[in-house]
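To start, the structure under review is shown below, and the notes come after it.
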Amino acid sequence: MPELPEVETIKRDLSNVLIGRRVSRFLVSKTRLLKSSKKLFISKLVGSKILSVDRRAKLLLLNLSSGYTVLIHLKMTGQLVYQRASGKLKVGGHPIVGVDKIPNKYTYITLSLDNKAKLFFNDVRQFGYWQIIDSKELDNKLSHFGPEPLSKNFTAEAFYKRLQSRRRTSIKAAILDQKIVSGIGNIYADESLFVARLYPGRLVGSLTSKETRALFLSIKQVLRKSINARGTSFNSYRDGLGRTGTYWEKRLVYGRTSQACPRCGKIIKKLHIAGRGTHFCPNCQK
DNA sequence: CACTTGACCTGTCCGC
DNA sequence: TGCGGACAGGTCAAGT
């Protein structure tokens, strides 16, 4: 689920309810998901106030009054659900499996807050993780990511420059590489390449500067459009679990194998490129 | 060094 | 209905 637009949506929602709250309890039932010791979480998280909520690449960051930052990665199936003191589920991630209640058997971490609200972390596949680190470690960790695609320091020139290190790989693999540009995952890689009319298997070194620029622009366009739609949710979920994203209905090629291309009407194909299922129009992506 | 594959997990879907 | 296999939004370590 979570690529840049989804994590950004969660970040905005959680900012509204978490900022200024003090953490009163930290419960974990699956220590596999912790990248830092539980002891460190207890000492630097419990009793601290949440000063701000940020996003970098696909990481969600909770900045604490202790000077530490909780770093949350949702990977494929992680979700965050905020439950108000009343028990009402107000905002959250985007539920994936048919979750009938929260918490449930996939709830592995629970944060209790000073206003009696709770933040649940569920993760069916258990690939996600929580880590707590100080500002120095944080700077180091974040320095490994490429530029934020929607920031002003992501320029066509910066993009072109970074692509030069991967001239012999496919353009799809290149834009999935978080060191080249951060936050793009499988859905938005396919969507961006479709908008730019580029075949995902094209080698980076074969791109003209015009094509590179088209891709640069399409990445920004696709990500903005998805953020405006609150991201992508895979299954429709209609109860009180917060709103779900509507980009799924707006997608152009991803998951549309055998359907008509929205641009030329020819049939959309699916191949494995860069080790990932890749959707594209053989007629208008060259 | 640069690039590709397998592994981490659980659930779902499809064909036989 | 059961069962095996492929596949799933991400990222590493290990292999070529």
Side-chain angles (χ1 to χ4, degrees), chain A residues 1-10 29-35 55-60 71-80 92-100 104-109 121-131 141-142 144-146 162-193 200-205 222-223 226-227 229-237 244-258 270-279:
Chain A
M1 164 184 49
E3 301 180 34
L4 187 153
E6 291 73 38
V7 182
E8 179 64 24
T9 299
I10 293 167
S29 60
K30 184 76 77 172
T31 47
R32 174 209 306 285
L33 304 183
L34 300 185
K35 270 202 174 184
R55 178 194 60 75
R56 177 78 172 94
K58 299 168 191 168
L59 282 169
L60 193 73
L71 209 148
I72 302 172
H73 203 306
L74 281 57
K75 290 285 182 84
M76 304 281 265
T77 55
Q79 55 182 223
L80 287 162
H94 300 236
I96 296 159
V97 289
V99 179
D100 50 5
N104 55 50
K105 66 173 176 170
Y106 306 112
T107 302
Y108 297 123
I109 299 175
F121 180 71
N122 311 321
D123 191 354
V124 170
R125 291 175 72 179
Q126 304 170 34
F127 288 172
Y129 66 83
W130 283 42
Q131 187 174 20
K141 175 130 190 166
L142 300 186
H144 298 303
F145 289 105
R162 285 180 181 265
L163 284 175
Q164 296 317 298
S165 63
R166 306 290 304 275
R167 292 181 58 84
R168 293 170 58 87
T169 197
S170 67
I171 187 61
K172 166 126 178 185
I175 62 174
L176 283 174
D177 184 342
Q178 304 296 297
K179 290 190 287 295
I180 295 200
V181 51
S182 60
I184 297 173
N186 207 31
I187 294 177
Y188 301 111
D190 285 4
E191 294 289 287
S192 301
L193 288 163
R202 273 280 292 282
L203 294 187
V204 172
V222 164
L223 295 176
S226 182
I227 289 172
R230 298 178 52 79
T232 299
S233 303
F234 270 60
N235 67 340
S236 49
Y237 201 83
T244 52
T246 59
Y247 186 82
W248 184 247
E249 291 101 72
K250 304 181 199 302
R251 84 210 125 99
L252 302 169
V253 280
Y254 186 88
R256 293 207 186 275
T257 314
S258 304
K270 182 178 179 185
L271 286 180
H272 266 79
I273 294 176
R276 315 294 302 277
T278 300
H279 315 72

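Chain naming here is simple, since letters A, B, ... match the order of the sequence lines and numbering starts at 1 in each.
- Judged by distance alone, the side chain of K58(A) and the main-chain N or O of I184(A) form a donor-acceptor pair under 3.5 Å.
- Considering E191(A), E6(A), R230(A), E3(A) in turn, E191(A) is the only one that fulfils the side chain to side chain contact (heavy atoms under 4.5 Å, CB included) rule with Y247(A).
- With hydrogens and angles disregarded, no donor-acceptor distance shorter than 3.5 Å links the side chain of R166(A) to the backbone of L163(A).
- To the nearest whole angstrom, the two P atoms, one in dC1(B) and one in dG10(C), are 28 Å apart.
- The same atom, C1', is picked in dC3(B) and in dA8(C); the two are 23 Å apart, to the nearest Å.
- The heavy-atom pair separating I227(A) from E8(A) by the smallest distance is CD1-CG, 4.1 Å.
- Here G275(A) lies out of heavy-atom contact (under 4.0 Å) with every strand.
- One can place NZ of K35(A) at 8 Å from C1' of dC12(C), the figure rounded to the nearest angstrom.
- The distance from atom CD1 of I184(A) to atom C1' of dT11(C) is 16 Å, rounded to the nearest whole Å.
- Between K75(A) and the phosphate of dT11(C), there is no side-chain N or O to OP1/OP2 separation shorter than 4.0 Å.
- Checking the phosphate oxygens (OP1, OP2) of dT4(B), a side-chain nitrogen or oxygen of T169(A) falls inside 4.0 Å.
- In this structure a side-chain-to-backbone donor-acceptor pair under 3.5 Å is missing from Q131(A) to L34(A).
- Looking at the side chain of R166(A), the nearest of the listed nucleotides dA8(C), dG10(C), dC3(B) is dC3(B).
- The residue among R125(A) and K141(A) whose nearest nucleotide of DNA chain C is located toward the 5' end is R125(A).
- Taking 4.0 angstrom as the limit, Y129(A) places none of its side-chain polar atoms (N or O) nearer than this to OP1 or OP2 of dC8(B).
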Give every donor-acceptor pair under 3.5 Å between a side-chain atom in residues 167-174 of chain A and any protein atom, sequence neighbours left out.
unit_1, atom_1, unit_2, atom_2, d
R167(A), NH1, Q164(A), OE1, 2.9
R167(A), NH2, G205(A), O, 3.3
S170(A), OG, A173(A), N, 3.1
K172(A), NZ, N186(A), OD1, 2.5
K172(A), NZ, D190(A), OD1, 2.6
K172(A), NZ, G277(A), O, 3.4
K172(A), NZ, T278(A), OG1, 3.1

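- Among the heavy atoms of the strands lying under 4.0 Å from K270(A) are primed sugar atoms or P, OP1, OP2 only; no base atom is included.
- R276(A) places its CZ atom 9 Å from the P atom of dT11(C), with the value rounded to the nearest Å.
- Distance from the side chain of E3(A) is smallest for dG10(C) among the nucleotides dC3(B), dA8(C), dG10(C).
- Looking only at distances, a side-chain donor or acceptor of S182(A) sits under 3.5 Å from a matching main-chain atom of G146(A).
- For H73(A) and dT11(C), the shortest distance from a side-chain N or O to OP1 or OP2 is below 4.0 Å.
- Separation of the P atoms belonging to dG6(B) and dG5(C) is 16 Å when rounded to the nearest angstrom.
- Classification of the H279(A)-Y254(A) ring pair by plane angle, with boundaries at 30° and 60°, yields tilted.
- By the 5.5 Å and 30° criteria, F127(A) is stacked with the base of dC8(B).
- Across all strands, H144(A) comes closer than 4.0 Å to no nucleic acid atom at all (heavy-atom distances).
- Across all strands shown, K105(A) has heavy atoms under 4.0 Å from sugar-phosphate atoms exclusively, and none from any base.
- Of all the heavy atoms in H73(A) and F121(A), the pair that sits closest is O-CZ, 4.2 Å.
- Distance CZ (F145(A)) to P (dG10(C)): 13 Å, rounded to an integer number of Å.
- When the P atom is used for both dC8(B) and dC3(C), the distance is 24 Å, rounded to whole Å.
- With rounding to whole Å, W130(A) atom CH2 is found 21 Å from dG10(C) atom P.
- Per the geometry, CG belonging to L59(A) stands 11 Å off C1' belonging to dG10(C), to the nearest Å.
- Of the listed nucleotides (dT10(B), dA8(C), dT11(C)), dT11(C) has the atom at the smallest distance from the side chain of Q178(A).
- Under 4.0 angstrom from either OP1 or OP2 of dT10(B) there lies at least one side-chain N or O belonging to Q126(A).
- In this structure, the nucleotide among dG11(B), dC3(B), dT11(C) sitting nearest to the side chain of Y106(A) is dG11(B).
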Exercise. Convert the base pairs of DNA chain C into dot-bracket notation, remembering that pairs crossing earlier ones are written with [ ] and that bases paired across to another strand are shown as |; include only Watson-Crick or G-U pairs under 3.5 Å.
Key: .|||||||.|||||||
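- The nearest whole Å value for the distance from the CD1 atom in I72(A) to the C1' atom in dG10(C) is 16 Å.
- One can place NZ of K179(A) at 11 Å from P of dC3(B), the figure rounded to the nearest angstrom.
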